[in-house]
Amino acid sequence: LDVYYTYSTRNKSNNTMDHLDAGYVGLERALMVNAKTLDRLTKEHLEAKKKMDDKSVEADKKTFLKAQIPKMEAEIKEVKEKLASILESEELDPRGEYYLLAEKLVK
C-alpha cells in the first residue's frame, strides 16, 4: 500500500497541468499539447546536434545521441504532420498563442 501511494503521488505531481493551460479543451487542447511538444523536441534536437559536434562530450554520450537523433527527427516529423492537420481547422482562433507558435514551428 505504501508503494502504491508513493507511485500514485509521484504520477499526480508529474502529470499536472499548468493553471494557465486548464482552460483548453478539444481542438485547442490538441493544438496546445502538440505545439508544446514540437517546441520541446526541436530544442532538444538542436541541443543534441550541438553535443555531437562538441569535442568535450564523451564517446558514450555521442553513441547514445547518434541513436536518439533519428528517433527525434521521426517524432518531430510526426508531430509536425499532426499540427499541420490541426491548423487546417477553421474552428481555431488564428490570433491564439499556440496557433502562432504552431504556425511558426510547422514552417
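Just so you know, these numbers come straight off a predicted model, no measurement behind them. Residue numbers start at 1 and run along the sequence shown.
- Taking every heavy atom of both residues into account, I76 and H45 meet most closely at CD1-CB, 3.8 Å.
- Atom-to-atom distance recorded for L31:CG and E103:CD is 10.0 Å, nearest 0.5 angstrom.
- Here the shortest heavy-atom pairing between L83 and A102 reads CD2-CB, 3.8 Å.
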Q: Test M32 against R29 for side-chain contact (heavy atoms from CB on, under 4.5 Å), laying out the working first.
A: CA-CA 5 Å; M32 176 199 64; R29 179 159 178 75; 3.2 Å; yes

Q: Evaluate the salt bridge (Lys or Arg N to Asp or Glu O under 4.0 Å) criterion for residues E44 and R40: first the C-alpha distance (whole Å), next the side-chain angles of each, then the deciding distance (0.1 Å), finally the verdict.
A: CA-CA 6 Å; E44 288 177 0; R40 178 186 52 82; 3.2 Å; yes

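- The CG atom of N34 sits 11.0 Å away from atom CG of L105, with the distance rounded to the nearest 0.5 Å.
- A salt bridge links E78 with K82: the distance from a Lys NZ or Arg NE/NH1/NH2 to an Asp or Glu carboxylate oxygen falls below 4.0 Å.
- Of the residues E75, K80, K43, the one that meets the side-chain contact (heavy atoms from CB on, under 4.5 Å) test with L38 is K80.
- Rounded to the nearest 0.5 Å, atoms CE (M52) and CZ (F64) are 12.0 Å apart.
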Q.
Set out, in order, the CA-CA distance, both residues' side-chain angles and the distance that settles side-chain contact (heavy atoms from CB on, under 4.5 Å) for T37 and L41, then state yes or no.
A. CA-CA 6 Å; T37 301; L41 282 170; 3.9 Å; yes

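- When all heavy atoms of P94 and L100 are compared, the pair lying nearest together is O-CD2, 3.5 Å.
- A salt bridge does not link K62 to E58: none of the charged nitrogens lies less than 4.0 Å from a carboxylate oxygen.
- M72 is not connected to V79 by any chain of hydrophobic side-chain contacts under 4.5 Å among Ile, Leu, Val, Met, Phe, Trp and Tyr, and they are in different clusters.
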Q: Test E28 against Y99 for side-chain contact (heavy atoms from CB on, under 4.5 Å), laying out the working first.
A: CA-CA 9 Å; E28 288 180 347; Y99 187 94; over 6 Å; no

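- At distances below 3.5 Å, not a single donor-acceptor pair connects side-chain atoms of D39 with backbone N or O atoms of A35.
- The distance from the CG atom of L65 to the CD atom of E47 is 9.5 Å, given to the nearest 0.5 Å.
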